[in-house]
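Per chain, numbering begins at 1; letters A, B, ... match sequence-line order. Keep in mind that this is a model prediction, so the values were computed, not measured.
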Amino acid sequence: MKVVLDFETASFCDLKLCGADRYAQDPNTEVLSLVYHVNNTYNLWSPATAATDDLLRRLAADPSVKFVSHASFEQAVWRWIMVPVFGFAPIPIKRWVDTQASCALHALPLDLDHALSVLGLPVVKDLDGRKVTLDLSKINKKTGMLPAKTPEIMEKVYDYNRIDVVGTVHLHDALGELPDGERTVWEIDQAINQRGIKIDLPFVRAAKRLVNEGSMPLVQEFREITGLNPTQGAKFLQWLGDKGVELPNLKKETVAAILGEDDEDQSEDGSAGGLGELDNLPGEVRRALDIRALVGSSSLKKLDRMEHCVGFDGRARGLLQYHAAATGRWAGRILQPQNFPQGSDVEGGGVEEKISAVLAGDRAAILSTFTRNKRPCDPLELVVASLRHALLAGGGFTFVAGDYAGIEARIVLALAGQHDKTELMAKGLSPYCDVAGLIYGRPIDKYKDPVEYKIGKNTFLGCGFQMGWQTYQKRYCPNESDEFAKAGIDAYRKAFAPLVPRLWKGLEDAALEACHNPGKVFGSHGIRYKIKTIADKPFMVCRLLDEKDIYYFDPRPCLKRMPWSTPEKEDIRPAWKYRTKKKGAWVWVDAYGGILTENVVQALARQLLCRAMERLEAAGWPIVLTVHDEIMCEVPDNGEYTEGRLKEIMCAPVEWAEQIKVPINVETWQSTRYKK
DNA sequence: CGGCAATGCGCC
DNA sequence: AAACGGCGCATTGCCG
């Protein structure tokens, strides 16, 4: 038996800022109503009717009854309110079903309304009910009080509540539950999200003090120079123009090039390539650009999020979103633990030295102890560089983590059947020098030829997915000639891995055939494509080597003008496109060999990671974070959980990967704080 | 005031 | 022969 349910709640706690767990833990949060659907009937539960409701109590206590909801908000409210406050039986992860996870698996929008609308299911808009419900969390500005919960108002809340349950029932009927394999992954995902991760609040507060002290005078100075806030990008660009400094944008590389700071790293973006360093850059312009670079780091906002989202036990929960990318990768939520600045550019001390310096808060000491790009390190830069260390193992515990080295570049070679190269790597030899040697026509040594070595590394890591020479040039060698860039691409495609372009072509042709022949399967390199109808909608389904599927919504044949096509020499070919969500928007994307290969390889890398996560959890290694090719566990600091053991578990054989001979290598670290 | 697009920045 | 992949969050600025 299944119960489909949805809560309406009210609270001064900001759900968006804090996440569902912290929100539900907040003593101010109250349940307004719960609508639950069981045996084709919609039932209402509210704190007012709690005493008379035996049905819900029995359902919760019955281990054979499953609870279905959209996302994990209902789980959080159940765990932190329904159980402790109203005495309901706890409902373990095993008994929850998440309709949002099914949306995610099918590459559909994650929010209920959008998912329903994309699937052509009825969406009821109850703007009035929504407003009335939201208003119950806000002080009315006129009366200075919370609105009264009159019977009329509560009727509107109940109606609004019911609408979402109807939607969830529809969605569940349309998409069904996760297949077994993904169900296992989702349960681990839920365990990770409920475990949470400890945040070092004293460090966060010390860091915020440094940021406030440091940025206030800088913002003030910026205002005096420009009359603007450092965050007003467009207006600042205009101001720069008035000062005779015309910039195409305010990207990091562009600004670095102008300031003459690009000698360290090769500029990734050629947008400022032609501008060069301005020798006569006015002092105030230089100062304004410097200030903006210092205070503009949006990463510092993570400090606020950390403070907000920690629960009363000091742990932040709900930081990962299951299967947020179509390829199955997780995405980060709330404080976004997957994009902490690396911080490796700040030198002068290790993790503990950086932490101590921030805690001490001595600006002068920081400036004299640490450096960044060989200049004194501003306290703000030190905070940015040490942000990730705010994730701390609990007392008596430590983090042990591992990541799969260059896993995507390795999988693409293995899948293409380029076994001469995978065997090389299996022996532990680095392919970067090989690639560089092919480009430069002479042996390249990692230490004697650092520039050449880096080109080799970039070529090896970057060229597996049909990158063109223009992009290659812009990204890796903006100061080299077109011929050099073309030669780099050629070295990879013709000399280093000639089987890889065949993989692109194979997948492209198979998918195109499948698009023109709905219901029939076409494959290449063990990857199979087929148009399938799910919830009455067409999907292109790409089946991987281990039977995991990638979904492409609403595939349609089309004619595609190739990027190199010109009016004189038109090149238009049959292709296909699909709909996906990009940065929140719902857009059409053209499928081509490179993109399909990228998707398949990224998805396979994720599968490898998932199997390792399952083995780790089964062996008693609690996972607290995953970052695409990296797994971090929080384990007792008793010497039983070693890096070597973690590596063994992560490297354990997986059938499909063994068959195509993916050379696997795992790099590990151990620390009480999150680091590289 | 909330929604949305554009821009920018961080990661793998 | 040939193609820039996957994310989330913060801010500004515009619109209704």
Side-chain angles (χ1 to χ4, degrees), chain A residues 16-17 107 110 127 130-131 134 138 141 228-237 249-255 268-269 292-293 296-302 304-305 319-321 323-343 384 387-388 403-409 412 461-472 474-475 486 489-490 493-494 501 504-505 508 550 560-565 569 571 573 575 580-585 587 589-603 605-606 609 626-630 676:
Chain A
K16 244 192 86 157
L17 206 60
L110 297 187
L127 294 177
R130 181 183 156 79
K131 185 173 176 356
L134 291 178
K138 289 180 208 151
K141 285 200 176 115
L228 301 165
N229 283 328
T231 45
Q232 291 177 287
K235 287 180 181 165
F236 181 50
L237 213 49
N249 54 53
L250 285 170
K251 287 187 183 177
K252 218 176 168 181
E253 298 87 358
T254 314
V255 174
E268 291 216 344
D269 189 327
R292 192 175 181 279
S297 176
S298 54
S299 329
L300 292 172
K301 296 292 171 207
K302 287 193 198 296
D304 296 317
R305 301 295 289 224
L319 302 185
L320 294 178
Q321 170 65 51
H323 212 294
T327 53
R329 295 223 292 209
W330 274 265
R333 286 290 143 92
I334 313 177
L335 60 88
Q336 233 299 52
Q338 296 183 325
N339 75 342
F340 280 111
Q342 287 243 9
V384 170
L387 272 177
R388 65 172 58 212
D403 69 277
Y404 291 100
I407 189 62
E408 292 192 6
V412 78
L461 294 174
C463 291
F465 308 118
Q466 217 171 347
M467 176 191 289
W469 66 266
Q470 293 95 333
T471 304
Y472 178 90
K474 215 167 99 175
R475 200 178 278 191
K486 288 176 187 168
I489 292 284
D490 261 9
R493 293 183 184 174
K494 293 188 179 149
W504 306 334
K505 183 83 164 65
E508 179 165 306
I550 303 176
K560 166 83 174 163
R561 176 173 282 112
M562 296 295 117
W564 50 87
S565 179
K569 221 178 141 187
D571 191 349
R573 303 183 185 188
T580 186
K581 46 191 197 298
K582 259 198 169 61
K583 294 183 177 187
V587 294
V589 171
D590 295 313
Y592 63 90
I595 211 173
L596 296 174
T597 306
E598 160 76 45
N599 291 168
V600 164
V601 168
Q602 190 177 106
R606 180 268 189 185
L609 189 87
T626 165
V627 188
H628 311 313
D629 61 4
E630 172 186 354
K676 165 80 176 94

Touch class at under 4.0 angstrom, heavy-atom based, for A:Gly332 against every strand present: sugar-phosphate

Pairwise 5' ranking along DNA chain C for A:Tyr592 and A:Leu110, keeping only the more 5' one: A:Tyr592

Proximity to the side chain of A:Ala324 - top-ranked nucleotide from C:dC7, B:dC12, C:dG5: C:dC7

Nearest listed nucleotide, side chain of A:Thr471, among B:dC11, C:dG8, C:dC4: C:dC4

Proximal nucleotide (of B:dG10, C:dA3, C:dT11) relative to the A:Asn339 side chain: B:dG10

Touch class at under 4.0 angstrom, heavy-atom based, for A:Asp571 against every strand present: base

Close side-chain approach of A:Asn229 to A:Lys235, heavy-atom, < 4.5 Å: no

Stems involving DNA chain C, each a run of at least 3 consecutive Watson-Crick or G-U pairs under 3.5 Å: B:1-12 with C:5-16

Touch class at under 4.0 angstrom, heavy-atom based, for A:Ala326 against every strand present: sugar-phosphate

Between C:dG6 (C1') and A:Glu630 (CD): distance, integer Å: 16 Å

Pair A:Glu508 + A:Lys560: basic N to acidic O under 4.0 Å: no

Short side-chain N/O contact to C:dA3 OP1/OP2 from A:Arg493, under 4.0 Å: yes

Sugar-phosphate, base or nothing in reach of A:Gln342, heavy atoms under 4.0 Å: sugar-phosphate

Of the listed nucleotides B:dC12, C:dA3, C:dC4, the one nearest the side chain of A:Arg475: C:dC4

Contact check, side chains of A:Leu110 and A:Gln321, non-hydrogen atoms, under 4.5 Å: yes

side-chain N/O A:Thr327 vs C:dG6 OP1/OP2, d < 4.0 Å: no

Sugar-phosphate only, base, or nothing, as touched by A:Phe465 at under 4.0 Å among non-hydrogen atoms: nothing

C:dG6 OP1/OP2 closer than 4.0 Å to side-chain N/O of A:Arg329: no

Nearest listed nucleotide, side chain of A:His628, among B:dC12, C:dA3, C:dC7: B:dC12

Out of C:dT11, C:dC4, C:dA3, whichever nucleotide has its closest atom nearest the side chain of A:Lys301: C:dT11

Pairwise 5' ranking along DNA chain C for A:Gln470 and A:Gln602, keeping only the more 5' one: A:Gln470

Test item: A:Glu408 and A:Glu598 side chains (from C-beta on) under 4.5 Å apart, heavy atoms: yes

Spacing of A:Thr597 atom OG1 and A:Phe465 atom CZ [to the nearest 0.5 Å]: 7.5 Å

A:Arg130 side chain near B:dG3 phosphate (N/O to OP1/OP2, under 4.0 Å): yes

Touch class at under 4.0 angstrom, heavy-atom based, for A:Leu335 against every strand present: nothing

Listed nucleotide nearest any side-chain atom of A:Asp629, set B:dC12, C:dC9, C:dC7: B:dC12

N or O in side chain of A:Lys235 less than 4.0 angstrom from C:dG13 OP1/OP2: yes

Touch class at under 4.0 angstrom, heavy-atom based, for A:Gly468 against every strand present: sugar-phosphate

Which atom of A:Gly332 lies closest to which atom of A:Pro337, heavy atoms considered: CA-CD, 4.0 Å

Note, A:Arg305 side chain near A:Leu17 side chain (heavy atom, < 4.5 Å): yes

C:dG8 OP1/OP2 closer than 4.0 Å to side-chain N/O of A:Lys302: no

Heavy-atom closest contact (A:Arg606 atom, A:Trp330 atom, distance): NE-CZ3, 4.4 Å

